[in-house]
K.L.:
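Can you keep this structure in mind? I'll have questions shortly.
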Amino acid sequence: MFKGTGIRPAELLIPASSDISKWSVVACDQYTSEPAYWQGVREFVGGAPSTLNLILPEAELVLDKTQPYGISSETLEKTLAIRGAMSACLDGGVFGEPVRGFILTERRFDSSEKPPRIGLVATIDLEEYAYDKDGGSPVRPTEGTVVERLPPRVVVRRRAPLETSHALLLIEDEQKSVI
């Protein structure tokens with residue numbers, strides 16, 4: 001059904017009864033030069049279940065080439081805390097039963113003159129993905145990938161019990177075969 005699109009249905013865990021305004025946060029690579037933004041989000045979320053506790057914002061990813069894996073000990077500690085938060089969500093009844101499928105999203109702008117952007121939460125086939133935003137691959141990032149930041153990101157994700165939606169990708173879909 002989705003052959004050639006680069007996407008597949010995902011196994012999704014949706015919060016059973018969390019405050020969705022505190023659960024969802026922007027992608028971890030947003031507001032990289034604004035640590036105060038992330039501090040404000042932490043204050044807003046407080047102790048509520050939130051994806052904020054399941055990601056490492058790019059603004060908090062500290063590289064250190066003298067350390068193993070190229071990340072600072074502070075970043076490594078945060079990574080361990082994230083894994084703990086993921087396990088707590090899984091063990092603490094935060095999620096309902098897993099659902100296999102997609103989530104359709106609609107992003108509206110302040111100005112009603114612009115049409116909403118439609119999106120899809122899905123799993124991507126990494127064989128169909130290219131880091132080059134201008135490449136011919138059916139799935140690619142919306143902006144350039146900072147390649148030197150990929151190895152530390154791999155360390156952050158290694159052995160994580162959950163995966164969170166954290167990348168915004170474009171898909172060639174002129175025939176509207178996906179959305």
K.L.:
In chain order, what residues pass the side-chain hydrogen bond (donor to acceptor under 3.5 Å, both in side chains) check against Q39, with sequence neighbours excluded?
P.N.:
E43
K.L.:
Is a donor on one side and an acceptor on the other found under 3.5 Å between the side chain of S72 and the backbone of T75?
P.N.:
yes
K.L.:
Using the test side-chain hydrogen bond (donor to acceptor under 3.5 Å, both in side chains), find all partners of E11 that sit at least two apart in sequence or belong to another chain.
P.N.:
none
K.L.:
Which residue pairs pass the ring pair (Phe, Tyr, Trp, His ring centres under 6.0 Å) test with at least one member in residues 73-92, sequence neighbours excluded?
P.N.:
none
K.L.:
Quick one: salt bridge (Lys or Arg N to Asp or Glu O under 4.0 Å) pairs with a partner in residues 67-76, sequence neighbours left out?
P.N.:
E74-K78
K.L.:
What I'd like to find out is whether the side chain of L56 reaches to under 4.5 Å of the side chain of I82, using heavy atoms alone.
P.N.:
yes
K.L.:
Check side-chain hydrogen bond (donor to acceptor under 3.5 Å, both in side chains) between S17 and all other residues, then give those that pass, not counting sequence neighbours.
P.N.:
none
K.L.:
Of the non-hydrogen atoms in I7 and L120, which two are nearest, and what is the gap between them?
P.N.:
CD1-CD2, 3.8 Å
K.L.:
Using 0.5 Å steps for rounding, measure from the CD1 atom of I20 to the CD1 atom of I14.
P.N.:
8.5 Å
K.L.:
If you compare all heavy atoms of L54 against all heavy atoms of W23, which two are closest, and at what distance to 0.1 Å?
P.N.:
CD1-CH2, 3.9 Å
K.L.:
With sequence neighbours left out, write down each residue that passes side-chain contact (heavy atoms from CB on, under 4.5 Å) with T32, or none if nothing qualifies.
P.N.:
E58
K.L.:
Which side-chain N or O atoms in residues 88-105 pair as donor and acceptor under 3.5 Å with protein atoms at least two apart or in another chain?
P.N.:
| unit_1 | atom_1 | unit_2 | atom_2 | d |
| --- | --- | --- | --- | --- |
| T105 | OG1 | G119 | N | 3.4 |
| T105 | OG1 | G119 | O | 3.4 |

K.L.:
Output the distance between atom CG (L63) and atom NZ (K65), rounded to the nearest 0.5 Å.
P.N.:
8.0 Å
K.L.:
Not counting sequence neighbours, which residues clear side-chain contact (heavy atoms from CB on, under 4.5 Å) with A160? List them please.
P.N.:
M86, R157
K.L.:
Return the OG to CD1 distance between S50 and I55, rounded to the nearest 0.5 Å.
P.N.:
8.0 Å
K.L.:
Sequence neighbours excluded, which residues qualify as side-chain contact (heavy atoms from CB on, under 4.5 Å) partners of E106?
P.N.:
R108, P116, I118
K.L.:
Only counting residues at least two apart or in another chain, list the ones meeting side-chain hydrogen bond (donor to acceptor under 3.5 Å, both in side chains) with E34.
P.N.:
none
K.L.:
With the side chain counted from C-beta on, respond yes when D64 and I71 share a heavy-atom pair under 4.5 Å apart, and no when they do not.
P.N.:
no
K.L.:
Could you report the tightest heavy-atom contact between A10 and A122, atom names first, then the distance?
P.N.:
CB-C, 4.2 Å
K.L.:
Which residues pass the side-chain contact (heavy atoms from CB on, under 4.5 Å) test with F44, not counting sequence neighbours?
P.N.:
S21, K22
